Amino acid sequence: MRSLPLISALPALALVLGLTACGGDKNNDKITTPVAKPSFAAGSRMADLAAAGKITVGTKFDQPLFGLKGLSGKPEGFDVEIAKIIAAKLGIAEDKITFVESVSANREPFLQQKKVDMVVATYTINDKRDKVVDFAGPYFVAGQDILVAKGNPKQITGPEALKGKKTCSVSGSTPAATVQEKYGLSTSELLLVDAYSKCRDALANGQVDAVTTDNVILSGYVSEAKDKFELVGKPFSSEPYGIGIPEGQEPFCDWINQTLKDAVADGSYEKAFKATAGKVIQETPTLPEPRGCDN
Ligand code: GLU
């Protein structure tokens with residue numbers, strides 16, 4: 001088990017909330033075109049998926065900017081586009097991708113049970129998870145932050161201020177573990193639910209004082225309701241997002257890492273970002289150095 005290389009200092013992403021609401025992404029089809037008859041080593045995971053002509057991907061359904069199942073019934077967001085880019089290089093068209101909602105606590109079990117072929121779901125690479133699944137990437141680095149009611153009535157300025165307040169986060173997530181383990185939140189101070197949209201609703205109703213998770217997820221909720229919410233805006237962790245795959249598929253992991261690099265070179269990585277999270281987060285990320293697949 002190798003620990004993560006330092007990918008970057010605390011993510012200093014400028015989370016500038018644009019004026020446009022984050023809507024659906026109408027240019028989806030132009031971001032990727034499936035490769036016609038790609039060729040892979042016989043017996044490889046890539047060859048099997050290409051031959052099947054379909055893939056099942058775990059993603060989030062309630063997180064604007066990265067994975068949101070909107071009125072169209074199709075999930076949209078940067079994670080969804082990353083999955084489409086990978087599928088396209090396997091020769092798999094968008095309509096042959098089955099997206100399965102994978103809330104935070106379901107990601108490892110879904111991969112272990114092979115219920116999904118990969119997970120692209122704001123999924124932080126860490127050693128604990130790496131013991132039971134494998135990760136390609138990272139393809140993005142977020143940071144943990146705090147969402148509060150507009151005007152910050154409880155004057156929450158950072159994670160230390162969460163003691164004695166009521167905070168909501170999601171079971172099986174790294175941000176929930178961080179506020180428990182590092183900032184000492186007790187079970188009565190931390191409400192754990194299965195999906196972040198429930199935390200957002202609890203904050204809107206005044207049932208909690210704060211929501212904590214990755215800045216980019218929280219920014220998505222602010223973009224939907226700027227009059228209701230604001231971000232504290234001081235990230236206090238590094239959350240490198242990986243593409244989760246079942247254990248023991250190292251060549252597939254290496255191939256995904258190469259595919260991510262190719263997506264930068266052919267412009268599809270940037271296009272995918274601009275069409276989704278980039279509508280709110282104005283800085284296009286640089287693809288982080290891959291961590292390697294021999295973990
Ligand atoms: N990136 C963090 C994690 O993987 C928080 C976001 C999430 O739960 O999806 O736990």
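Treat the numbers as computed from the prediction; the structure is a model and nothing was measured. One-based numbering, in listed order, for ligands and for the atoms of each. Every heavy atom of this structure was used, including side-chain atoms; hydrogens, water molecules and symmetry mates were not.
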Taking 4.0 angstrom as the limit and counting only heavy atoms of T122, give me the atoms of ligand 1 inside it, by number and element. 1 (N), 2 (C), 3 (C), 4 (O), 6 (C), 7 (C), 9 (O)
Can Q144 be said to touch ligand 1, with heavy atoms closer than 4.0 Å? no
For A121, the ligand 1 atoms whose distance to one of its heavy atoms is below 4.0 Å: 9 (O)
E224/R200 salt bridge by N-O under 4.0 Å criterion: yes
Check D127 with K131, please: is the shortest side-chain N to carboxylate O separation under 4.0 Å? no
What residue and heavy atom of the protein are closest to atom 9 (O) of ligand 1, and at what distance? K60 NZ, 2.5 Å
I need the single residue from D134, V132, V116, D117 that forms a side chain to side chain contact (heavy atoms under 4.5 Å, CB included) with L111. Which is it? V116
Looking at K228, I want to see if its NZ is surrounded by more than 12 non-hydrogen atoms of other residues, nucleotides or ligands under 6.0 Å. no
Just to check, does I217 reach to within less than 4.0 Å of ligand 1 when the distance is taken from its heavy atoms? yes
Where ligand 1 meets R129 - atom numbers and elements under 4.0 angstrom, heavy-atom basis: 3 (C), 4 (O), 10 (O)
With heavy-atom distances below 4.0 Å as the criterion, list the atoms of ligand 1 near Y241. 1 (N)
For ligand 1 and R107, I'd like to know whether there is a polar contact (N/O to N/O, distance under 3.5 Å). yes
Number the atoms of ligand 1 from 1 as they appear, then name those within less than 4.0 Å of a heavy atom of Y123, with their elements. 4 (O)
Under 4.0 Å from a heavy atom of T213: which atoms of ligand 1 are those, numbered in the order shown and with their elements? 5 (C), 6 (C)
Can a salt bridge be assigned to the pair D95 and K54 using a cut-off of 4.0 Å between side-chain N and carboxylate O? no
Ligand 1 versus D214, non-hydrogen atoms closer than 4.0 Å: side chain, backbone, both, neither? side chain
A student checking ligand 1 against P175 at a 4.0 Å heavy-atom cut-off should list atoms 2 (C), 5 (C), 10 (O)
Should D62 and K69 count as an ion pair when the cut-off is N to O under 4.0 Å? no
Considering all heavy atoms of both residues, which atom of S104 and which atom of R107 are nearest to each other, and what is their separation? O-NE, 3.1 Å
Residues which pass side-chain hydrogen bond (donor to acceptor under 3.5 Å, both in side chains) with K166, listed by chain and number, not counting sequence neighbours: none
So, are D79 and K84 salt-bridged, with charged N and O less than 4.0 Å apart? no
If the cut-off is 4.0 Å to any non-hydrogen atom of S173, which atoms of ligand 1 fall inside it? 8 (O), 10 (O)
